Amino acid sequence: MSGLYDRFAGPARAALPRLTSAERDVVLRELDRLRSAGRASSLFEGLREVAAQVPERLYGDSAEVLLRMHEIAGSGNLQSNLSSLPLVRACFELGLVPGNDRGAPAELVVGRGHIAPAFYAEHYVRGALPFAPLATLHHGLTGVVHRDLGFRNTMRYSLGVGVVQAVGLAWELARRGDDRKVVCLAGDGELHEGAAFEALRFAHDAGLTNLVLVVDANGKGIEPLAKPVNTRYLSAFLGRLTEADGRDERAVRAALGELLAAPGSSVLVCRTAKGDHSFRPAGAARPVRAPFASTAGRMLARHRARAGRDMTVFTADMAARFGLRGHVPYTNTGLAETLTVGMALSLPEDTLKVVATDAMYYMDSLSMLTEATTSVRNLLVLAGRSWGAWGGAHNATNLLGLLLHSKVYEPVTEAEFAACLDRLGRDPATAHVISMVDAAFDPPARDCSGDIDGAVWLTPPDEGRTDAAVVTFGYAGVLVDAANRGLGVPHLHCAALAPRLAPADVAVLRGSRRLLSVEYNGARGGFGEGLRTRYLLPAEVHGVRRDIAQQVHPRQLELHGMSPVALRERLSRLLESREAGRAPAHA
């Protein structure tokens, strides 16, 4: 059984009910080929071989393929991909996309990392990819640019890094005396990133003459941009600047071909249009309950009314994600996460400074966050935590907990969120990081709002003692609470990453024959190992030790044993070991 089959068969079969009869027939034939496929030199080459063995094309228009991919997945960034599709097609026509037989006339770096599906769709209609992996977008096939899938570069956590990679490659080619150019596909929102500014400044100062920057100027990041792309600064750094109708593939191809043939570095600004950032299937009902992170704006407004404090809120295109609009005034810095943190550095001490960011952003602004936690009073960081299609470092929350003068919490109720803000009011010299999970869930019946640094028994131990117990951090408490219904494993829930446990609770945990610690990621040095080192508890840590896959949230939970079903099996084994420990020695 090939690695290709292992990767795509499960998600593809799960997608079968959402496929048309023609799609199901093709996918099943492709899966048979995947099962018998040999070990190809690369993932992409293996998929090309399967596409050649099942040459039937269900669709001839990559725009239609993109729509089907997103309809099957039920999520993604369809409009972003459609916005850049004419640019992608032009790159194929000019031979810039790796995998063609002619040899690329220039190197292509895709900075607009989440338009990978546009390349998959175009590869498909040209016969280079089978349909089966396309039916697994965000469930098996990553929606972000990766070398394993035919790209020259890989995107992981950050916008802006693609421009940096392109400049680095252009510099290296020039250093080696190679006269090929580097073409970088970027977005106008992406150019707000500090890393992109620095890269283009370096390209100018280093005198690079082999960089062609292609900008999808659709006027949107996640939200509408405050101003259109600044063509003056781009031309100042890279010289010649051409504008084209980005919705016209022939116009883009002609303009890009001309810049490739002309001497020197240059910029091609493609005027495009983009609809909603996130895809929603036609006729899909809105979720009954909003993700917890999107309630932050309402909770902040209630705190402001209750405490009567001056509040400033900075966010890098995250207003909708945190539900800020209509609840609290905010300033959108436009995808510039380092600026978002930096703007708070010199504000008055008594002002409550809220920085609303997320995993793929605060990983890039750790240096600025270190500056902020050592010099800013009344700092609240809303750290979005999706663990979703984009991915992100699985230990990001734990890294924030290592910053000086910082405390990390993951509330799962409004009362816990309010308790975190009240604690910040009592301890303004400590930056309070609130991890906000992008998931909708039923809150537990009890919470830690009475002592946000402590813990609460969601399922109390019998008579204050137990042979087996589970202790959780944040969102994991919700998952375990759901899994534990009817089992009755004593369950201690914490909202603080580094909780202050009461001596009586420590005694119960220390006296347990089996103790399980469950956290949403499980990184080394995180919550579970913190319990082991701080309280000398014999805890087994259940979570994700390796880097997470780029999958939608429900699939992530299943993949890493964090779904209520998987957790219930783990808790049942905990109970079985307890009963075995009670059995007579001869049993």
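All figures in this text were calculated on a predicted structure; none of them were measured in a lab. Just the heavy atoms: all of them, side chains too, but no hydrogens, waters or symmetry mates, feed the values below.
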Short question: side chain of [X], backbone of [Y] - any donor-acceptor pair under 3.5 Å?
X: Arg18; Y: Ile72; result: yes
X: Arg24; Y: Leu19; result: yes
X: Arg568; Y: Ala483; result: yes
X: Ser563; Y: Ala566; result: yes
X: Ser42; Y: Glu45; result: yes
X: Arg7; Y: Gly140; result: yes
X: Asp188; Y: Val215; result: no
X: Thr136; Y: Leu141; result: yes

Mind checking whether [X] and [Y] have side chains closer than 4.5 Å, heavy atoms only?
X: Leu256; Y: Val212; result: yes
X: Glu540; Y: Leu515; result: no
X: Leu268; Y: Leu213; result: no
X: Cys91; Y: Leu108; result: yes
X: Glu23; Y: Arg68; result: yes
X: Tyr120; Y: Val88; result: no
X: Glu190; Y: Leu335; result: no
X: His542; Y: Val470; result: no

Practice task
Please step through side chain to side chain contact (heavy atoms under 4.5 Å, CB included) for the pair Leu58 and Tyr124, ending with a clear verdict.
Solution key: CA-CA 9 Å; Leu58 293 161; Tyr124 173 78; 3.5 Å; yes
Problem - Working for side chain to side chain contact (heavy atoms under 4.5 Å, CB included), residues Leu173 and Asn210 - result: CA-CA 8 Å; Leu173 291 177; Asn210 58 345; 4.0 Å; yes
Using every non-hydrogen atom in the two residues, find where [X] and [Y] come nearest and quote the distance to one decimal.
X: Leu574; Y: Ala469; answer: CD2-O, 3.6 Å
X: Ser435; Y: Glu410; answer: OG-OE1, 2.6 Å
X: Gly275; Y: Lys220; answer: O-NZ, 3.0 Å
X: Asn484; Y: His491; answer: ND2-CB, 4.1 Å
X: Asn81; Y: Ala116; answer: OD1-N, 4.1 Å
X: Leu129; Y: Ala51; answer: C-CB, 3.5 Å

Problem - Residues that His192 engages under ring pair (Phe, Tyr, Trp, His ring centres under 6.0 Å), provided they are two or more places apart - result: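 Partners of His192 by the ring pair (Phe, Tyr, Trp, His ring centres under 6.0 Å) criterion come out as none, since no residue qualifies.
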Practice task
Scan Leu137, Val65, Leu82, Asn77 and name whichever one has a side chain to side chain contact (heavy atoms under 4.5 Å, CB included) with Pro117.
Solution key: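 Only one option passes, and that is Leu137.
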Fill in the blank from the handout: Exactly one of Asp245, Asp248, Asp216 clears side-chain hydrogen bond (donor to acceptor under 3.5 Å, both in side chains) with Thr272, and that residue is Asp216
Practice task
Verify side chain to side chain contact (heavy atoms under 4.5 Å, CB included) between His146 and Met155, making sure each step is shown before the conclusion.
Solution key: CA-CA 6 Å; His146 199 285; Met155 298 286 290; over 6 Å; no
Mind checking the [atom1]-[atom2] spacing from [X] to [Y]? Nearest 0.5 Å is all I need.
X: Arg13; Y: Leu31; atom1: CZ; atom2: CG; answer: 5.0 Å
X: Ser80; Y: Lys274; atom1: OG; atom2: NZ; answer: 3.5 Å
X: Glu30; Y: Leu47; atom1: CD; atom2: CG; answer: 9.5 Å
X: Thr472; Y: Asp481; atom1: OG1; atom2: CG; answer: 8.5 Å
X: His70; Y: Leu66; atom1: NE2; atom2: CG; answer: 6.5 Å
X: Asn218; Y: Arg247; atom1: CG; atom2: CZ; answer: 11.5 Å

Exercise for the section: Step through the shown structure and confirm whether more than 12 heavy atoms of other residues, nucleotides or ligands are within 6.0 Å of CZ on Arg57. Expected result: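 Yes, the 6.0 Å shell around CZ holds more than 12 heavy atoms from other groups.
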Practice task
State whether the number of non-hydrogen atoms from other residues, nucleotides or ligands found under 6.0 Å of Asp276 atom CG is greater than 12.
Solution key: no
Exercise for the section: Determine whether the side chains of Glu122 and Ser62 contain a donor N or O and an acceptor N or O closer than 3.5 Å. Expected result: yes
SB check [X] [Y] (cutoff 4.0 Å):
X: Asp442; Y: Arg289; result: yes
X: Arg89; Y: Glu93; result: no
X: Asp32; Y: Arg29; result: no
X: Glu529; Y: Arg532; result: no

Problem - Residues Arg112, His114; criterion side chain to side chain contact (heavy atoms under 4.5 Å, CB included); working and verdict - result: CA-CA 6 Å; Arg112 200 159 188 246; His114 54 289; 4.1 Å; yes
Handout entry: Charged tip of Arg385 within 45° of Tyr520 ring normal and under 6.0 Å
Key =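 Arg385 over Tyr520 ring: no.
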Exercise for the section: Anything under 30° is parallel, anything over 60° is perpendicular, the rest tilted; go ahead and classify His123 against Phe92. Expected result: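 Judged by the thresholds at 30° and 60°, the geometry between His123 and Phe92 is perpendicular.
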